[in-house]
Structures are given as C-alpha cells and as structure tokens.
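What follows is a set of notes on a single structure, which appears directly below.
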Amino acid sequence: GESVGLHLPTLSVQEGDNSIINCAYSNSASDYFIWYKQESGKGPQFIIDIRSNMDKRQGQRVTVLLNKTVKHLSLQIAATQPGDSAVYFCAETYNQGGKLIFGQGTELSVKP
Amino acid sequence: KAGVTQTPRYLIKTRGQQVTLSCSPISGHRSVSWYQQTPGQGLQFLFEYFSETQRNKGNFPGRFSGRQFSNSRSEMNVSTLELGDSALYLCASSLARTNTEAFFGQGTRLTVV
C-alpha cells in the first residue's frame, strides 16, 4: 500500500513544553497537506492544513511548516498539554480528489 | 452541525462472510472517502465517491466495493471476508473533492474470525 505504519515513532515531552512532530511526504507534486490527531478509539481529528503556496500557517497553539525543497512538513504544538497525547498523522494530496496519502504517524506522550 | 456518522461501531464476522458498513457525511458534504487502518499498514485509501460516482480507487482487491446515494450517504461492502480484513474502517467527508478539509467519523471496527 501507499502508507506504511510499522513501529510508530514516539515523542515524549513534559507538560508545558513545545512539541515538534515531523513528517516527510512522498510526492513533490502534492499541493495540500493536513495534520490529524487520533486518540485511542476515535477517528482522526482535523488539526490544521496548509497549501503548497504557503510555508507556514498558524492556528490556536499549533503551527505547520512546509519545506517543499526537502518535502518536509512539521507540526509545532505550543505549551503541550496532557490532552494533546495522541497519534499525529500528516497527510498529503496531489489533486487526486479526496485521496489522502498518510504518513506513518507519531505517538505523542505528554508527561504531567 | 453533526459530524460524520459511521455504523455500526463494532462488527465481528466469520471468514467467507460479507459485510456492509455505512457512513453518513456532514450535512452538505458531497465527497465521501473510505480508508482502512491497521497497525501494520497504517491508513490506506480505499475509494472516494462524489455525486454518486466512484472517482478514485486505491489498491485493494475487487472484494472491496462501495456506493454513494443521492443524499451523499455511502456504504462500503467487503465480500468473502479474510482474516486480514480485520481493521478499523474510516469514512471521511468533505465539501469538495480537492484541497478542502476532510473530516473523519469514529470508524467501524471489523474483526474477522
């Protein structure tokens, strides 16, 4: 398949610290990217998106950075809280109408 | 506004049986996509429907099929179930086909025994 998810990378941070989750995407033609958060037993929850004509986009406590040169996406979470503990996925699409290609995911663990 | 609703939440089926899963998108959303999530393969695209037509299909065997109704509700069907079909099946809806937020339901957990 186009998504590989074997052993999830894990990021462990202290409550209140900033978190940075990285993602390498696969297709240089991708033009729209989304970050999702998935908690245990739930479906992925939309966090923030960015289009390929942008380098940075900010939301509430979250920032997404896009580096098209190296096909890299990152999600920064400010003042990480225990409720942020979840698996985070990046997803890309390249004008294929609704088909999202997901990264493998990163498990974020926030220690109180 | 109600979110994406998937039914049932949990299913247990026997090998060789078939199963139908249902997805009701967010009101006004016309694009519905389906994904399979497993620990080994992560999230993989199954297919996408827009205006009752399948617009895109992933790399899954023909046992996996779907449809969309005029009210945008969608169903997916898996025939001749195999153990490897055990997974969380997720439905996502969006307003348009490209470059718009896709919202996911909670999924249907299918276990094949």
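Letters A, B, ... mirror the listed sequences (proteins, then strands); counts begin at 1. Below, each value reflects all heavy atoms present in this structure, side chains not excepted, and no hydrogens, waters or symmetry copies.
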If I measure from the heavy atoms of chain A, does B:L88 come under 4.5 Å with its side chain, its backbone, both, or neither?
side chain

For A:P44 and B:L90, which heavy atoms make the closest approach, and how far apart are they?
CD-CD1, 3.7 Å

Tell me whether A:Y88 is reachable from A:F33 by hopping between hydrophobic residues (I, L, V, M, F, W, Y) whose side-chain heavy atoms are closer than 4.5 Å.
yes

I'd like to know whether CD of A:Q60 has more than 12 heavy-atom contacts from other residues, nucleotides or ligands below 6.0 angstrom.
no

Counting heavy atoms not belonging to B:R15, are there more than 12 under 6.0 Å from its CZ?
no

Heavy-atom cut-off 4.5 Å, strictly under: side chain, backbone, both or neither for A:Q38 against chain B?
side chain

Assigning hydrophobic clusters by single linkage (Ile, Leu, Val, Met, Phe, Trp, Tyr; side-chain heavy-atom cutoff under 4.5 Å), is A:L65 placed with A:W35?
no

Heavy-atom check, side chain of A:D49 versus side chain of B:E101, under 4.5 Å
yes

With a 4.5 Å heavy-atom cut-off, do B:S33 and A:L100 have their side chains touching?
no

Going by heavy atoms in the side chains, are B:F104 and A:F46 under 4.5 Å from each other?
no

Go through the atoms of A:F89 and report whether side chain, backbone, both or neither lie under 4.5 Å from a heavy atom of chain B.
side chain

With chain A as the partner, which of B:Q36, B:K57, B:R109, B:Q106 has the greatest number of non-hydrogen pairs under 4.5 Å?
B:Q106

Going hydrophobic residue to hydrophobic residue with side-chain gaps under 4.5 angstrom, can you get from B:V78 over to B:L83?
yes

Spacing of CZ belonging to A:F102 relative to CD belonging to B:Q44, to within rounding of 0.5 Å
11.5 Å

